[in-house]
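Below is one structure; the comments refer to it alone.
Indexing begins at 1, ligand by ligand and atom by atom, following the structure's order. Heavy atoms only: backbone and side chains are in, while hydrogens, waters and symmetry mates are out. Keep in mind the model is a prediction, meaning the values are calculated, not measured.
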Amino acid sequence: MGLSREKLIQAVSGQMPEKRWKHTLGVMESAVMLAEKYGADPVKADLAAILHDVAKYWPVAEMEAVIRDNGLNKELLQHDKQLWHSEVGAFVAKRDYGVEDSEVINAIRWHTSGRVGMSLLDKVVCLADYIEPGRDFPGVDHIREQAEHSLEEGLIAGFDSTISLLISQRRVIYPLTVLSRNDLIAQL
Ligand SMILES: [Fe+2]
Ligand SMILES: [Fe+2]
């Protein structure tokens with residue numbers, strides 16, 4: 001770990017508007033709460049949460065360049081730009097902020113889409129992103145209720161809400177989100 005937590009927070013908060021930083025603070029709070037509840041490492045959950053949206057407000061061209069120039073997942077470039085910041089965030093967490101822990105890096109990388117075989121930390125950060133206290137969207141209370149008794153049920157409710165929204169807006173669904181949801185159902 002290259003930077004102190006305080007310096008890291010300073011550096012990351014400077015890369016986004018205040019509103020998104022507030023969201024990040026909420027994700028930190030929820031991720032630590034879920035980690036403690038479900039037996040993940042709260043220190044890793046906190047670190048992943050601090051960094052999870054670090055690239056969210058980067059210019060699209062910069063995200064694309066990082067993906068192309070560093071051999072990251074180019075398939076993402078065929079899909080919604082909203083998905084790019086997770087891949088780029090995971091990369092810059094390591095390159096620019098000295099995060100070496102692959103569990104933390106993976107939790108950042110998969111926080112939007114999930115993946116088949118999500119780790120405990122992946123689940124904690126992804127679900128925290130849905131239920132942090134500042135979130136207010138149709139169905140968020142149902143996700144919060146599910147999160148009270150099961151990480152997997154919470155995430156299934158989260159992915160269902162994402163998929164339903166995309167369908168209602170006639171937008172393309174990222175296939176991995178569907179695979180992640182199916183895998184969570186299979187795990188139960
Ligand atoms: Fe994100
Ligand atoms: Fe987020």
- Return the set of protein N, O or S atoms whose distance to the Fe ion (ligand 1) is under 2.8 Å, each given as residue and atom. Asp53 OD1, His85 NE2, His111 NE2
- If you measure only the distance, is there a donor-acceptor pair under 3.5 Å linking the side chains of Gln15 and Trp21? no
- Query: In terms of side-chain geometry, is the basic nitrogen of Arg135 or Asp129 positioned less than 4.0 Å from the acidic oxygen of its partner?
  - Reply: yes
- Query: Going by an N to O cut-off under 4.0 Å, is there a salt bridge joining Asp46 and Arg5?
  - Reply: yes
- Item | Selection residues 57-81 - residue pairs positive for salt bridge (charged side-chain N to carboxylate O under 4.0 Å, His left out), sequence neighbours left out | Glu64-Arg68, Asp80-Arg171
- Hey, does the side chain of Asn70 reach the backbone of Leu72 with a donor-acceptor pair shorter than 3.5 angstrom? no
- Side-chain donor or acceptor of Asp122 paired with backbone N/O of Ser119 under 3.5 Å: yes
- Looking at the Fe ion (ligand 2), which N/O/S atom of His23 is the nearest one? NE2
